[in-house]
S.K.: 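Pasting a structure below so you can have a look.
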Amino acid sequence: MPELPEVEIVRRGLEPVMLGQRLIGVDQRRADLRFPFPEDFPARLMGRTIASVSRRAKYLVITLCDGTVLIMHLGMSGRFTIEHGTQTIAFGDYVYNTGADAKHDHVVFTLANGARIVYNDPRRFGFMVLSTVGEWTAHPLFADLGVEPLGNELSATYLARKAQGKRSDLKSFLLDQRVVAGLGNIYVSEALHQAALSPRRVAGSLSRADGAPTLRAERLVPEIRKVLRAAIDAGGSSLKDYRQTDGSSGGFQNEFAVYGRDGEPCQRPGCTGTIHRTVQAQRATYACGNCQR
DNA sequence: ACTGTACCCTGTAGGC
DNA sequence: TGCCTACAGGGTACAG
């Protein structure tokens, strides 16, 4: 599920509950997810107080007051559920069971305020890693990451420089986390449609021979930002049998212009084309063959 | 160095 | 009802 907007929504859900709280319980229920858990994972977290809950790309980055950094990735199907008193709020993936699903509850964090934060992940493509305040940005997971798409570093000039000489297609280029960190399969399709660029266009066409950005690159950057901001404002996207639990999250899927709309007419004003689903690099791509060039 | 493919895992939807 | 296949928002490991 989670691309940058969804992870950001999860972060915003966890932060007010976790910030300043001491971890009084870490229940790790299996040896591995996508990767093995770190050695002595619970013991290295227990008793510490949470100093910050932040995000980098699709990673949640939780800093503890002793300098430990807990890095979490939700993979395809990870979600967090906060159980606090009688209230239960879920953040993240709702593709699968929306009810009790203890079978895939892999980690339970208990806070001093009594809240229980349950990590559930049926496909187990998520993972958790430990690092330190001084070292985590140099961790192999982060060392080669590209720029944050909502930060100042993303520019047409940056994209053009990264794209120069690249012969792969534009969609694969944008999915590459070393280029723009946090984009995923949905929002790449959406941004390319908004920018009227074909996902099959060669990535190098964002760059002129001298490495300067083309007009396509100039057009693409603001559309990437816009679609991500709009998704965050809408509380992220949720597919399939999503049900709202806190009344405020997860409606952007209703605003997709192309994703999941195979066979539907293009919504671009004046365009008479049809959205088609194709496959690139084993992933579904949705685009209008008429207005995206 | 690049580019493309196979693969990790479970659950769900749809065809028969 | 069951069986089978294809597909799902993630990233990595390898082969060429």
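Values below: every heavy atom of this structure, side chains too, minus hydrogens, waters and symmetry copies.
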S.K.: Within this structure, what is the NZ-to-C1' distance between A:Lys103 and B:dC9, rounded to whole angstrom?
M.R.: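 So the NZ-C1' distance, A:Lys103 to B:dC9, works out to 11 Å.
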
S.K.: Under 4.0 Å between any heavy atoms, over every strand shown, what does A:Gln177 touch: base, sugar-phosphate, or nothing? Just pick one.
M.R.: sugar-phosphate

S.K.: Under a 3.5 Å cutoff, is there a donor and acceptor pairing between the side chains of A:Glu6 and A:Tyr187?
M.R.: yes

S.K.: So which nucleotide from B:dA6, B:dG11, C:dG11 ends up closest to the side chain of A:Lys58?
M.R.: C:dG11

S.K.: A:Asn185 and A:Lys171: side-chain donor and acceptor closer than 3.5 Å?
M.R.: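 Distance-only check passes for A:Asn185 and A:Lys171.
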
S.K.: Rounding to an integer number of Å, can you tell me how far A:Leu33 CG sits from C:dG10 C1'?
M.R.: 13 Å

S.K.: List, with names and distances, any nitrogen or oxygen atoms from the protein found under 3.5 Å away from nitrogen or oxygen atoms belonging to nucleotides 12-16 of chain C.
M.R.:
unit_1, atom_1, unit_2, atom_2, d
C:dT12, O4', A:Arg34, NH2, 3.0

S.K.: Looking at A:Ile82, A:Thr49, A:Ile50, which hits side chain to side chain contact (heavy atoms under 4.5 Å, CB included) with A:Leu111?
M.R.: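 Option passing the side chain to side chain contact (heavy atoms under 4.5 Å, CB included) with A:Leu111: A:Ile50.
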
S.K.: Is there a donor-acceptor pair under 3.5 Å between the side chain of A:Glu190 and the backbone N or O of A:Val258?
M.R.: yes

S.K.: Rounded to whole angstroms, how far apart are CG on A:Leu60 and P on C:dG10?
M.R.: 15 Å

S.K.: Of the candidate nucleotides C:dG10, C:dG9, B:dT10, which contains the atom at the shortest distance from the side chain of A:Glu6?
M.R.: C:dG9

S.K.: Expressed as a whole number of angstroms, how long is the span from A:Arg30:CZ to B:dC8:C1'?
M.R.: 12 Å

S.K.: Side-chain polar contacts of residues 134-146 of chain A - donor-acceptor pairs under 3.5 angstrom, sequence neighbours left out - could you list them?
M.R.:
unit_1, atom_1, unit_2, atom_2, d
A:Glu135, OE1, A:Thr132, OG1, 3.4
A:His139, ND1, A:Leu141, N, 3.0

S.K.: For a quick test of reading the model: is some side-chain N or O of A:His104 closer than 4.0 Å to OP1 or OP2 of B:dG11?
M.R.: yes

S.K.: Tell me the stems DNA chain B sits in, counting at least three consecutive Watson-Crick or G-U wobble pairs, each under 3.5 Å on both distances.
M.R.: B:2-8 with C:10-16, B:10-16 with C:2-8

S.K.: Choosing from C:dG10, C:dC7, B:dC9, which nucleotide comes nearest the side chain of A:Arg283?
M.R.: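 Ranking C:dG10, C:dC7, B:dC9 by closest atom to the A:Arg283 side chain puts C:dG10 first.
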
S.K.: When you compare B:dT3 with C:dG9, how far apart are their C1' atoms, in angstrom units rounded to a whole number?
M.R.: 24 Å

S.K.: Over how many whole Å does the gap from A:Phe125 atom CZ to B:dG11 atom C1' extend?
M.R.: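 Rounded to the whole Å, the gap is 12 Å.
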
S.K.: Under a 3.5 Å distance rule, please check whether A:Arg261 uses its side chain to pair with a backbone N or O of A:Tyr286 as donor and acceptor.
M.R.: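 Checked: no pair found.
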
S.K.: Hey, can you pull the donor-acceptor pairs under 3.5 Å for the side chains in residues 35-43 of chain A, sequence neighbours left out?
M.R.:
none

S.K.: Shorter than 3.5 Å, N or O on both sides, protein versus nucleotides 2-4 of chain B: list them out with atom names.
M.R.:
unit_1, atom_1, unit_2, atom_2, d
B:dT3, OP1, A:Arg167, N, 2.6
B:dT3, OP1, A:Ser168, N, 3.4

S.K.: Using only modelled atom types and a 3.5 angstrom limit, is any donor from either the side chain of A:Arg123 or the base of C:dA8 paired with an acceptor on the other?
M.R.: yes

S.K.: Below 4.0 angstrom, N of the basic side chain to O of the carboxylate: do A:Arg55 and A:Glu15 qualify?
M.R.: no

S.K.: Quickly work out the A:Arg277 CZ to C:dG9 C1' distance and round it to whole Å.
M.R.: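 Those two atoms, CZ and C1', are 13 Å apart.
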
S.K.: Closest to the A:Glu3 side chain: B:dA6, C:dG9, C:dC7?
M.R.: C:dG9

S.K.: Starting at OG1 of A:Thr110, measure out to CG of A:Leu23 and round the result to the nearest 0.5 Å.
M.R.: 8.5 Å

S.K.: In whole Å, what is the span from the CG atom of A:Asp121 to the P atom of C:dG10?
M.R.: 13 Å

S.K.: Should the pair A:Glu3-A:Lys58 be classified as a salt bridge under the 4.0 Å nitrogen-to-oxygen rule?
M.R.: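 Salt bridge: no.
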
S.K.: Using whole Å, what does the distance between atom P of nucleotide B:dT10 and atom CZ of A:Arg124 come to?
M.R.: 4 Å

S.K.: Could you give the distance separating C:dT12 and B:dG11 at their P atoms, to the nearest angstrom?
M.R.: 24 Å

S.K.: With A:Tyr59, which residues qualify under side-chain hydrogen bond (donor to acceptor under 3.5 Å, both in side chains), at least two apart?
M.R.: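 A:Tyr59: no side-chain hydrogen bond (donor to acceptor under 3.5 Å, both in side chains) contacts found.
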
S.K.: For A:Arg167 and A:Val202, indicate whether the former's side chain and the latter's backbone hold a donor-acceptor pair under 3.5 Å.
M.R.: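 No.
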
S.K.: As a test of reading the structure: which of B:dG11, B:dA6, C:dA8 is closest to the side chain of A:Tyr259, going by heavy atoms?
M.R.: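 The answer is C:dA8, which lies nearest to the side chain.
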
S.K.: Say we look at C:dC14 and B:dC9: how far apart would their P atoms be, to the nearest angstrom?
M.R.: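 Rounded to whole Å, the distance is 15 Å.
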
S.K.: With side-chain contact (heavy atoms from CB on, under 4.5 Å) as the test, would you mind laying out the steps for A:Tyr119 and A:Met128 before giving the verdict?
M.R.: CA-CA 11 Å; A:Tyr119 180 69; A:Met128 299 188 185; 3.7 Å; yes

